[in-house]
2 protein chains.
Amino acid sequence: MAYRETEKMRQRKALAREKIINCTYECVAEGGFRSARITRIAGLAEVATGTIYRHFESREDLFAEVFQLATQKEVDKVAEALNTSGDAAARLEAALRQFAGRALRGPVMAWSLLAEPVDPKVEEERLAYRKAYASLFEKTIREGITEGCFPDQNAQQSSTCLVGAIAESLVGPLSLTQPNRENEDNDPLVDAIIRFCMQGLTGTRR
Amino acid sequence: MAYRETEKMRQRKALAREKIINCTYECVAEGGFRSARITRIAGLAEVATGTIYRHFESREDLFAEVFQLATQKEVDKVAEALNTSGDAAARLEAALRQFAGRALRGPVMAWSLLAEPVDPKVEEERLAYRKAYASLFEKTIREGITEGCFPDQNAQQSSTCLVGAIAESLVGPLSLTQPNRENEDNDPLVDAIIRFCMQGLTGTRR
DNA sequence: ACAAAGAATGAATAATGATTCACTACTTAT
DNA sequence: ATAAGTAGTGAATCATTATTCATTCTTTGT
């Protein structure tokens, strides 16, 4: 036996793999999954198209992995915001702000994760993604009901409404057509959304 | 001049055109625009694929027209509900119920109209569709503010949240995975959504 | 230096599906 | 009946891209 995979090679391969993932991420952030061509990704990563298939079973699989990666980042941020101190309402509000803020900073990625239909494998991941959000929100809503800061309600349904209201406001076609106002002050927009959401939960004007 | 289009022919053509539109509608209601193949549509309509191109410039154009048709139906229903008697809150609630009820009865079509990304021409139509809803809701919210049954708020933003909350709950990926409960009683679901939405608008528990 | 094994390459292939167009069939007016 | 014009046909074409695989290049152990 002349050649045996060595540590050095393992690392080099891992690096190439990572580079492909990063370049895919970049492509997706630019124009979504559907417009991310294998040739473009290969070009960015400075490898041949065939090489991508050495590291990933298929385009779908590559996308599913990139989706998971991107997703994890987002969900972690929201979970983090939910772990701050304060009552359930305050924590939820912080989380919604986190969600909205990140989506506004990367609208194409947000759209890809929330709404863009891609293929069954990615769709499966998206399901998990939405469920992760729903569960996080739902749990906090329940805590809020126990704490007494939210009235009794269908926590699961409410969390779905939350995600929907935010997603629609932030990545709906109306917001995407408007010129990409990079460093514009989006606080009033976020404030209006948050107000609607918190009122929807609490039934209390503030 | 030997042949000149006669009334009879005009009607026959119009009929064929209409049949194509109806069959396209059927395909879309089944699986959305993306999976509606020209061949399938032609098959259903009992014409050759080429015939479709005698009546429509392109697939995109055909879809845009079908979208418009479907859209008009939906918006009209909501507008109708908004024209009943009662205060703004009552009328809006009736409209939301109409919206939700129709979406539940035709979830794939609702998804196609609200969320499925297709192509630029259809996307343009969707924009008009969303604007139509937004304007209807927005107008009523404004009336409600004047009437005093809603507190002052960003009416446009609130209407977007309304659409989002409903869409997510009814046609979002989470709801689509659940078994298609044909004739199940969806009232509790709709009630929960409506409650969230009305609270979001009024900031009042009821 | 050599050979074995694996990795990378990218042109060729394959699959999908919209669209075209040369042709046939039908309608109409004379 | 005939000719001119229009509608309908559907197999062939074209366009787009993911994927393959025969070949070339690298790495490793002896």
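Order of the sequence lines sets the chain letters (A, B, ...), proteins ahead of strands, with each chain counted from 1.
- A distance of 10.5 Å separates CD1 of A/Ile20 from CD of A/Glu65, quoted to the nearest 0.5 Å.
- In this structure A/Ser35 satisfies the side-chain hydrogen bond (donor to acceptor under 3.5 Å, both in side chains) test with no other residue, sequence neighbours excluded.
- Just one of A/Val190, A/Ile194, A/Leu82 meets the side-chain contact (heavy atoms from CB on, under 4.5 Å) condition when paired with A/Leu96; it is A/Ile194.
- Remark: B/Tyr53 pairs with no residue by the side-chain hydrogen bond (donor to acceptor under 3.5 Å, both in side chains) rule, at least two apart or across chains.
- Applying the side chain to side chain contact (heavy atoms under 4.5 Å, CB included) test to A/Glu46 and every residue at least two apart in sequence or in another chain returns A/Lys19.
- A donor-acceptor pair under 3.5 Å links the side-chain atoms of A/Ser58 to the main chain of A/Asp61, judged by distance alone.
- Atoms CZ (B/Arg10) and C1' (D/dA7) sit 15 Å apart, rounded to a whole Å.
- Remark: C1' of D/dT28 and CD of A/Glu7 are 15 Å apart, rounded to the nearest angstrom.
- Between A/Thr49 and the phosphate of C/dG10, there is no side-chain N or O to OP1/OP2 separation shorter than 4.0 Å.
- Using modelled atom types and a 3.5 Å distance limit, the side chains of B/Ser158 and B/Gln153 yield a donor-acceptor pair.
- Rounding to whole angstrom units, NE2 of residue A/His55 and C1' of C/dT9 are separated by 12 Å.
- Atom CZ in A/Arg40 sits roughly 17 Å away from atom C1' in D/dA18 (whole-Å rounding).
- Of the residues in residues 15-33 of chain B, not one comes within less than 4.0 Å of DNA chain D through any heavy atom.
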Expected rows: protein N/O vs nucleotides 24-27 of chain C N/O, under 3.5 Å:
residue	atom	partner	partner atom	Å
C/dT27	OP1	B/Arg12	NH1	3.2
C/dT27	OP1	B/Arg12	NH2	3.2

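- Taking CE of B/Met198 as the start and SG of B/Cys149 as the end, the distance is 7.5 Å to the nearest 0.5 Å.
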Checklist line | A/Asp76/A/Gln72 under side chain to side chain donor-acceptor pair (under 3.5 Å): CA gap, chis, key distance, verdict | finding: CA-CA 6 Å; A/Asp76 284 353; A/Gln72 196 56 52; 3.0 Å; yes
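- At D/dT27, none of the side-chain N or O atoms of A/Arg4 fall inside 4.0 Å of OP1 or OP2 (strictly under the cut-off).
- Straight-line distance from the CD atom of A/Gln11 to the C1' atom of C/dA7: 17 Å, rounded to whole Å.
- Remark: A/Glu74 engages A/Arg102, A/Leu113, A/Tyr129, A/Tyr133 in a side chain to side chain contact (heavy atoms under 4.5 Å, CB included) (not counting sequence neighbours).
- Rounded to an integer number of Å, the gap from B/Ile38 CD1 to D/dC14 C1' is 16 Å.
- In this structure, A/Arg34 atom CZ and D/dA18 atom P are separated by 13 Å, rounded to whole Å.
- Rounded to whole angstrom, the span from the NZ atom of B/Lys13 across to the C1' atom of D/dG8 amounts to 12 Å.
- Legend: residues meeting side-chain hydrogen bond (donor to acceptor under 3.5 Å, both in side chains) with B/Arg59, ordered by chain and number and at least two apart, are absent.
- With no hydrogens or angles considered, no side-chain donor-acceptor pair links A/Thr71 and A/Glu125 at under 3.5 Å.
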Would you tabulate the nitrogen or oxygen pairs shorter than 3.5 Å linking the protein to nucleotides 21-23 of chain C?
none

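- In plain terms, the two heavy atoms of A/Val108 and A/Val28 that are nearest each other are CG1-O, 3.4 Å.
- The main-chain N or O of A/Glu80 is never found under 3.5 Å from a side-chain atom of A/Thr84 such that the two would form a donor-acceptor pair.
- By the side-chain hydrogen bond (donor to acceptor under 3.5 Å, both in side chains) test, A/Lys77 is found to be paired with no residue, residues two or more places apart in sequence or in another chain being considered.
- Of the residues in residues 57-69 of chain A, A/Ser58, A/Arg59 come within less than 4.0 Å of DNA chain D through at least one heavy atom, sorted by number.
- Annotation: salt bridge (charged side-chain N to carboxylate O under 4.0 Å, His left out) contacts involving residues 30-41 of chain B, sequence neighbours excluded, comprise B/Glu30-B/Arg40.
- The strand DNA chain D forms stems, runs of 3 or more Watson-Crick or G-U wobble pairs with distances below 3.5 Å, at C:1-30 with D:1-30.
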